[in-house]
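Okay, structure first, notes after.
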Amino acid sequence: MADKITPKEEDYSEWYNDIVKQAGMAEHSAVKGCMVIKPHGYAIWEKMQAELDRMFKETGHVNAYFPLFVPKSLFEAEEKNAEGFAKECAVVTHYRLKADEAHKGKLMVDPDAKLEEELVVRPTSEAIIWNTYKNWIQSYRDLPLLINQWANVVRWEMRTRLFLRTAEFLWQEGHTAHASAQEALEETRKMLDVYADFAERFLAIPVIKGVKTAHERFAGAEETYCIEAMMQDGKALQAGTSHFLGQNFAKAFNVTFANKEGKQEHVWATSWGVSTRLIGALIMAHSDNKGLVLPPKVAPIQVVIVPVYRDLGQLETITIRVKEIVGALKARGIAVKYDDRDNQRPGWKFAEYELQGVPIRLAIGLRDLENGTAELARRDEQTKENVPIEGIDIRIERLLGEMQEAIYQKALSFRESHIYHAHNWNEFEDMIANRPGFVYAHWDGTTATELEIKEKTKATIRCIPLDGADEPGTCVLTGKPSTRKVLFAKAY
RNA sequence: CGGGGCAUAGCGCAGUCCGGUAGCGCACCUGGUUUGGGACCAGGGGGUCGUAGGUUCGAAUCCUGCUGCCCCGACCA
């Protein structure tokens, strides 16, 4: 029982898989590359959704829903975007099955039910959305148009990993239209800030904001912004992207508006998204060898109370007191669960809730009732203390806040201690090969150099950090001049 | 798309080399003792061994085809 989870020092990848499975977050399905998100995993997603949705609405966005299918002719309208996704599109070609005469009880695709035009299962929704927006936008008075959708998308990946990369995944995609490039750029940056704020404040994952290189840019975008997070194995994980699409989609779908002077102009666009991949980020940023560690803000259950008793009479006595505590915690908006199941013993429950990452556990027995105390265990630091029941709701509320901050600080100091600066090629190669983490280095700005570095070291440019200061130097590979360091790492 | 692995009870596995009618741990059900870190004892239920065919008196086991999933690489959020 003690060995449910492979230690991360032994095999990081197995450790990750074990956490996902043992914490009951997701499992592989009968469909290749697709996962079943189980209740505990989905509850975490719902917490993320609720907070993001609130943040989107606070910044003026509204939700809508667009179709799963995109007619091929629409999909290919914006050429760069279409080309970028072409290799991983699922395509619907028929709309009917029929009995297979040759194999009793089996079905076959009805060759007479071939679609006149194939339907692409959306890998992203720009095409169908811009085709719709053109009917919604006539005048500058219709702008900005600020819409988000919560949806599933399909990208036919060769190699998949639960949450990190699956053929189908859940996400949100914001699609906005603006009257000027300036305004669209501001929106792009604003949503990047929303994501960074969400990642740091809510998920307790420190991120680096930056711009993608031309090579890593979203197909069809003029500029792609991103937030990059460091996982506990030192690898980078892109946690969110925000794109300035220029007028590319407006031109492809002929979306124009009359400006104040009555002249027709193409609108300026943005799109931005985060996905269930964030659940993978959450796991890899904070968890330990005992299971999931959840920052209190994302935890579906923040406090679990486990009664310790000898017989049902004692349980009843304890329950009366616990109900008061539950009431007091709920009154403070704390998500609390009282686990009075009689078919599992306390030790079993302790282990189970640690696996699931519940931030605080209270154990209460008769001994505690006599002393007016409870045993309080915090998941992140695995510490236990006896605390007075009197005022425990206040204590817990404060502790949840402290834990949120502590988890963030821990991730931050891990990241800071795994960031290096390479001054020459030997140093760079050595760091990438032998030190898990991020490496800042000068780059000459060309895709050729970027690809050569990737070829040689497997490291890619995660981003050109926004907060980096200009600092003239020479490219770590070619020695050509560079104005600023960029961020290299091996990535998920 | 290449290379490897796996498919036997809800889960994890043994049995396959050497054919004889299926077993272990966990979970589940019943009863009892237990309960402050994954309890114990006794009894019990559950499997057309991925699928189709072949060899054989007899196939989880040998042969052939098929399917699915996982892992490692190339490609990607």
Side-chain angles (χ1 to χ4, degrees), chain A residues 1-5 11 13-14 17-18 21-22 24 27-35 84-89 103-104 106 123-124 153-173 195 212 215-219 221 224 226-229 236-243 271-281 290-291 306-315 318 340-355 361-369 371 373-377 382 384 386 454-455 458 460 462 491-492:
Chain A
M1 285 299 172
D3 304 309
K4 276 190 168 175
I5 295 176
D11 186 337
S13 172
E14 268 307 299
N17 289 335
D18 287 347
K21 277 180 213 141
Q22 301 299 338
E27 62 187 41
H28 292 285
S29 68
V31 192
K32 185 181 171 65
C34 294
M35 66 178 161
F85 283 108
K87 299 183 303 296
E88 44 192 341
C89 285
H103 303 91
K104 202 171 178 325
K106 304 287 185 197
T124 179
V153 287
V154 170
R155 295 181 187 176
W156 214 261
E157 300 288 350
M158 289 289 119
R159 192 138 136 51
T160 59
R161 294 198 62 190
L162 294 171
F163 290 118
L164 298 175
R165 182 170 296 105
T166 46
E168 179 194 18
F169 57 94
L170 305 182
W171 76 346
Q172 58 68 217
E173 45 182 326
Y195 286 155
K212 285 294 188 190
H215 179 251
E216 298 268 337
R217 189 180 294 152
F218 176 71
T224 288
C226 63
I227 50 174
E228 295 286 329
L237 185 136
Q238 180 177 300
T241 51
S242 183
H243 314 291
S271 70
W272 26 274
V274 297
S275 72
T276 37
R277 187 178 222 212
L278 286 177
I279 297 173
K290 287 203 153 177
V306 177
V308 182
Y309 56 93
R310 286 177 192 282
D311 55 59
L312 292 177
Q314 291 190 357
L315 175 59
I318 294 165
D340 61 352
R341 285 177 301 171
D342 189 42
N343 60 344
Q344 297 297 357
R345 297 163 80 255
W348 190 92
K349 293 177 184 175
F350 294 173
E352 191 65 15
Y353 290 111
E354 274 164 11
L355 212 44
R361 180 188 76 230
L362 293 180
I364 299 180
L366 279 195
R367 207 158 73 204
D368 295 298
L369 291 191
N371 301 335
T373 59
E375 182 192 78
L376 185 157
Q382 297 185 52
K384 289 194 285 200
N386 288 305
K454 183 182 179 185
E455 172 77 19
K458 302 251 189 228
T460 51
R462 301 322 306 151
Y492 276 98

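Chain letters run A, B, ... following the sequence lines, proteins first, then strands; residues in each count from 1.
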- Round to the nearest Å and state the distance from A:Y353 atom OH to B:rG37 atom P. 17 Å
- Query: Can you tell me how far P in B:rC28 sits from the matching atom in B:rG65, rounded to whole Å?
  - Reply: 43 Å
- Could you state the atom-to-atom distance from CD of A:E352 to P of B:rC11 in whole Å? 17 Å
Are there any protein N/O atoms within less than 3.5 Å of an N/O atom in nucleotides 73-77 of chain B, and if so, which ones and at what distance?
unit_1	atom_1	unit_2	atom_2	d
B:rG73	OP2	A:R159	NH2	2.9
B:rA74	OP1	A:K458	NZ	2.5
B:rC76	O2'	A:E157	OE2	3.4
B:rC76	O2	A:R165	NE	2.2
B:rC76	O2	A:R165	NH2	3.0
B:rC76	N3	A:R165	NE	3.2
B:rC76	N3	A:R165	NH1	3.4
B:rC76	N3	A:R165	NH2	2.9
B:rA77	O4'	A:R155	NH1	3.4
B:rA77	O3'	A:Q238	OE1	3.4
B:rA77	O3'	A:Q238	NE2	2.4
B:rA77	O2'	A:R277	NH1	2.5
B:rA77	O2'	A:R277	NH2	3.2
B:rA77	N7	A:E157	OE2	3.4
B:rA77	N6	A:T166	N	3.1
B:rA77	N6	A:T166	O	2.5
B:rA77	N1	A:L164	O	3.4

- Message: Say we look at B:rC6 and B:rC13: how far apart would their P atoms be, to the nearest angstrom?
- Response: 11 Å
- Name the nucleic acid region contacted by A:T124, choosing base, sugar-phosphate or nothing; use a 4.0 angstrom heavy-atom cut-off, strictly under. nothing
- Query: Does a nitrogen or oxygen in the side chain of A:R361 sit under 4.0 Å from OP1 or OP2 of B:rG37?
  - Reply: no
- When the P atoms of B:rC41 and B:rG5 are considered, how many whole Å apart are they? 40 Å
- Message: Would you measure the distance from the C1' atom in B:rG12 across to the matching atom in B:rU67 and give it in whole Å?
- Response: 24 Å
- Query: Would you find a donor on one side and an acceptor on the other, under 3.5 Å apart, between the side chain of A:R155 and the backbone of A:P123?
  - Reply: yes
- Query: Between B:rU34 atom P and A:K349 atom NZ, what is the distance in whole Å?
  - Reply: 18 Å
- Item | Pairwise C1' distance for B:rG38 and B:rC11, with rounding to whole Å | 16 Å
- Span that lies between the C1' atom of B:rG50 and that of B:rG58, in whole angstrom: 23 Å
- Query: Just to confirm, is there a sub-4.0 Å distance from OP1 or OP2 of B:rC72 to any side-chain nitrogen or oxygen of A:S13?
  - Reply: yes
- Scan every strand shown for a Watson-Crick or G-U wobble partner of B:rG47, both distances under 3.5 Å, and answer none if you come up empty. none
- What is the distance from CZ of A:R310 to P of B:rA39, rounded to the nearest Å? 15 Å
- Message: I'd like to know if the side chain of A:K212 and the backbone of A:R462 have a donor-acceptor N/O pair within less than 3.5 Å.
- Response: yes
- Query: Would you say A:T276's side chain and A:L170's backbone share a donor-acceptor pair under 3.5 angstrom?
  - Reply: yes
- Message: Does A:R161 reach a base, just sugar-phosphate, or nothing at all? Heavy atoms under 4.0 Å.
- Response: nothing
- Message: With a cut-off of less than 4.0 Å, is there a side-chain N or O of A:H28 near OP1 or OP2 of B:rC69?
- Response: no
- Query: Which is true for A:L278 with a 4.0 Å heavy-atom rule: it touches a base, it touches only sugar-phosphate, or it touches nothing?
  - Reply: nothing
- Please confirm whether the backbone N or O of A:G273 pairs with a side-chain atom of A:Y195, one donor and one acceptor, at under 3.5 Å? yes
- Task: Run the salt-bridge test on A:E14 and A:K21 with the 4.0 Å N-O cut-off and return the result as yes or no.
- Result: no
- When A:L355 and A:C34 are each assigned the nearest nucleotide of RNA chain B, the 5'-most assignment goes to A:L355
- Roughly how far apart, to the nearest Å, are B:rC72 and B:rU35 at atom P? 45 Å
- Tell which nucleotide pairs with B:rU34, taking only Watson-Crick or G-U wobble pairs whose two distances are both under 3.5 angstrom. none
- Message: Given the ring of A:Y492, does A:R165 sit roughly above its face, with NZ or CZ under 6.0 Å from the centre of the six-membered ring and within 45° of the axis?
- Response: no
- Message: What is the separation between atom CG on A:N343 and atom P on B:rG31, rounded to the nearest whole Å?
- Response: 14 Å
- Item | Student check: side-chain heavy atoms of A:P307 and A:Q314 closer than 4.5 Å | no
- Could you check if a side-chain atom of A:I279 sits within less than 4.5 angstrom of a side-chain atom of A:L162, using non-hydrogen atoms only? no
- Query: Per the atom types in the model, does the base of B:rG38 pair as donor or acceptor with the side chain of A:Q344 at under 3.5 Å?
  - Reply: no
- Message: What's the gap between B:rU8 and B:rA77 when it is taken at their P atoms, as a whole Å value?
- Response: 36 Å
- Message: Applying the Watson-Crick and G-U wobble criteria at under 3.5 Å, what pairs with B:rC6? Answer none if nothing qualifies.
- Response: B:rG68
- Separation of atom CZ in A:R341 from atom C1' in B:rU35, rounded to whole Å: 14 Å
- Task: Could you tell me whether the side chain of A:T373 reaches within less than 4.5 Å of the side chain of A:R367, counting heavy atoms only?
- Result: no
- Query: Can you tell me how far C1' of B:rG36 sits from CG of A:L315, to the nearest Å?
  - Reply: 15 Å
- Query: Paired with B:rG73: which nucleotide, if any, by Watson-Crick or G-U wobble criteria at under 3.5 Å for both distances?
  - Reply: B:rC1
- Message: Could you tell me the Watson-Crick or G-U partner of B:rC57, where both distances fall under 3.5 Å? Say none if there is no partner.
- Response: B:rG20
- Query: Do A:K384 side-chain and B:rG37 base share a donor-acceptor contact under 3.5 Å?
  - Reply: yes
- Item | Interatomic spacing from CG in A:L355 to CD1 in A:I5 - rounded to 0.5 Å | 4.5 Å
- Query: Starting at CG of A:L162 and ending at P of B:rC71, how long is that distance when rounded to a whole Å?
  - Reply: 8 Å
- Task: Counting Watson-Crick and G-U wobble pairs only, both distances under 3.5 Å, name the nucleotide matched with B:rC11, or none.
- Result: B:rG25
